[in-house]
2 protein chains.
Amino acid sequence: MHDITKLFKALSEEVRLRILGLLIHGELCVCYLMAALNLPQSTVSRHLTYLVNAGWLEGERRGVWMYYRFSGKSDNLRRDLLAVLTTRLMEIPEVTRDHERLKEYLRTKPTSACG
Amino acid sequence: MHDITKLFKALSEEVRLRILGLLIHGELCVCYLMAALNLPQSTVSRHLTYLVNAGWLEGERRGVWMYYRFSGKSDNLRRDLLAVLTTRLMEIPEVTRDHERLKEYLRTKPTSACG
DNA sequence: GACACGCATCCGCCTATGCGGATAAACAAT
DNA sequence: ATTGTTTATCCGCATAGGCGGATGCGTGTC
C-alpha cells in the first residue's frame with residue numbers, strides 16, 4: 001500500500017505533474033527541463049529525485065548530462081495511470097505552456113546545452 | 001492545476017484509498033465505514049471531509065445518519081482515474097480485507113446501526 | 001427544554017515536504 | 001592537479017496534514 005500512496009503523492013505537486021507532462025513525448029535532459037519549466041536547478045533536481053524514488057522515472061547519466069524518462073518498470077496501476085496521464089496532462093494549460101517554452105528553447109538552443 | 005493536485009493528494013493516503021475502495025460498490029453510511037475500516041470516528045470523519053473537499057465524494061444526511069458516495073460531478077481526468085481505481089483498488093490487500101470486515105459487519109449488523 | 005446519538009471539528013503533538021541559494025559530488029578537459 | 005560544467009543534496013524556514021481523544025454541532029424523541 002505504501003508504494004501506491006507514494007505513486008499518488010508524487011502526482012500531488014504541480015511541478016512534478018509538469019515534469020511528467022514534458023516527458024510524455026520522450027526522455028529529456030535536465031537542462032531542457034529547467035528551461036521548459038523556467039525553474040531553478042535545485043527545484044527541478046529535487047522533484048526529479050522524488051519522481052525516481054516514487055517509481056515514475058528513471059535517470060541515465062551521459063557524461064555531465066543527466067537524462068530522465070518514464071520508468072521501464074511496469075505494474076497494473078502505474079500502467080493504467082500512465083495511460084490516463086498521457087492524454088489528460090496535455091489538457092492542462094500549465095503543461096501546454098511548458099511545451100511551448102521547450103519548443104522555443106529547442107529553436108534557440110544554446111550551444112552550451114547538451115547534445 | 002490546483003484542483004488536479006488536490007485530486008491526487010486525496011489519493012496519497014492509505015485511509016482515503018481504503019474509503020474509496022469501500023465505496024466502489026455504492027454509497028455507505030459512516031457507521032459502516034467505521035466498522036469496515038476499524039478506525040475511530042474522528043479519523044474516518046476527517047478523511048471523508050477531505051475527500052469531499054477534493055471533489056471525490058459527496059455526502060447526504062438522512063436523519064442522524066450520514067451517507068457518502070462518489071461525487072456526481074464529472075470531468076475527464078476524474079472519470080478516467082475513477083475507472084482505474086474501480087479495478088485496481090480491489091487488487092490491494094488492505095482494501096479486500098476491509099470488504100471482508102464490512103461483510104462480517106453486515107452479517108452481524110447491530111440494531112443500533114443505520115438503515 | 002432535556003436527553004441521546006451520530007458525526008464534524010478542535011486541539012496538541014508530530015511528521016512530511018514545499019521553497020531556492022549554497023555547497024558537495026560527479027564528470028570532463030587540460 | 002586544476003579548472004569548469006552539470007546536477008544532487010544540504011540548509012533554514014515555512015506550510016500542510018497525519019493521529020485520536022475531547023468537544024461542539026446537528027438531528028430526533030419525549
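Reckoned from all heavy atoms, side chains included, excluding hydrogens, waters and symmetry mates. Per chain, numbering begins at 1; letters A, B, ... match sequence-line order. Bear in mind that the values here come from a model prediction, so they are computed numbers and not experimental data.
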Which whole-number value in Å describes the distance from [X] [atom1] to [N] [atom2]?
X: B:Leu51; N: C:dA8; atom1: CG; atom2: C1'; value: 15 Å
X: B:Leu37; N: D:dG20; atom1: CG; atom2: P; value: 11 Å
X: B:Glu14; N: D:dG17; atom1: CD; atom2: C1'; value: 16 Å
X: A:Ile19; N: C:dG18; atom1: CD1; atom2: C1'; value: 13 Å
X: A:Tyr67; N: D:dA8; atom1: OH; atom2: C1'; value: 18 Å
X: B:Tyr50; N: D:dA16; atom1: OH; atom2: C1'; value: 8 Å
X: B:Arg16; N: D:dG18; atom1: CZ; atom2: C1'; value: 9 Å
X: B:Leu39; N: D:dG18; atom1: CG; atom2: C1'; value: 12 Å

Exercise. Could you give me the CA-CA distance, side-chain angles and deciding distance for A:Thr5 and B:Glu13, then say whether side-chain contact (heavy atoms from CB on, under 4.5 Å) is met?
Key: CA-CA 6 Å; A:Thr5 53; B:Glu13 270 294 322; 5.5 Å; no

If only side-chain N and O atoms of [X] are considered, is one of them under 4.0 Å from the OP1 or OP2 phosphate oxygen of [N]?
X: B:Thr49; N: C:dT9; value: yes
X: A:Thr43; N: C:dG20; value: yes
X: A:His47; N: C:dT17; value: no

Given [options], which nucleotide is nearest the side-chain atoms of [X]?
X: B:Arg46; options: D:dT7, C:dG6, D:dG18; value: D:dG18
X: A:Glu13; options: C:dG18, D:dT9, D:dG21; value: C:dG18
X: B:Met66; options: C:dC7, D:dG17, D:dG20; value: C:dC7
X: A:Ser42; options: C:dG20, C:dA8, C:dG18; value: C:dG20

Touch class at under 4.0 angstrom, heavy-atom based, for [X] against every strand present:
X: A:Arg61; answer: sugar-phosphate
X: A:Arg62; answer: nothing
X: B:Val15; answer: sugar-phosphate
X: B:Ser45; answer: base

Practice problem: Name the residue closer to the 5' end of DNA chain C, choosing between A:Val64 and B:Gln41 according to the nucleotide with the nearest heavy atom. | Solution: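 Comparing both residues, the 5'-ward one is B:Gln41.
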
Quiz item: Taking the six-membered ring of B:Tyr67 as reference, does the NZ or CZ atom of B:Arg62 fall below 6.0 Å from its centre and within a 45° cone about the axis?
Solution: yes

Self-check item: Within 45° cone and under 6.0 Å: B:Lys9 NZ/CZ vs B:Tyr50 ring
Solution: no

Quiz item: Hey, is A:Arg78 close enough to A:Asp75 for a salt bridge, meaning N to O under 4.0 Å?
Solution: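 Answer for the salt bridge query: yes.
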
Quiz item: Is it true that B:Glu91 and B:Arg88 make a salt bridge, defined as a side-chain N closer than 4.0 Å to a carboxylate O?
Solution: yes

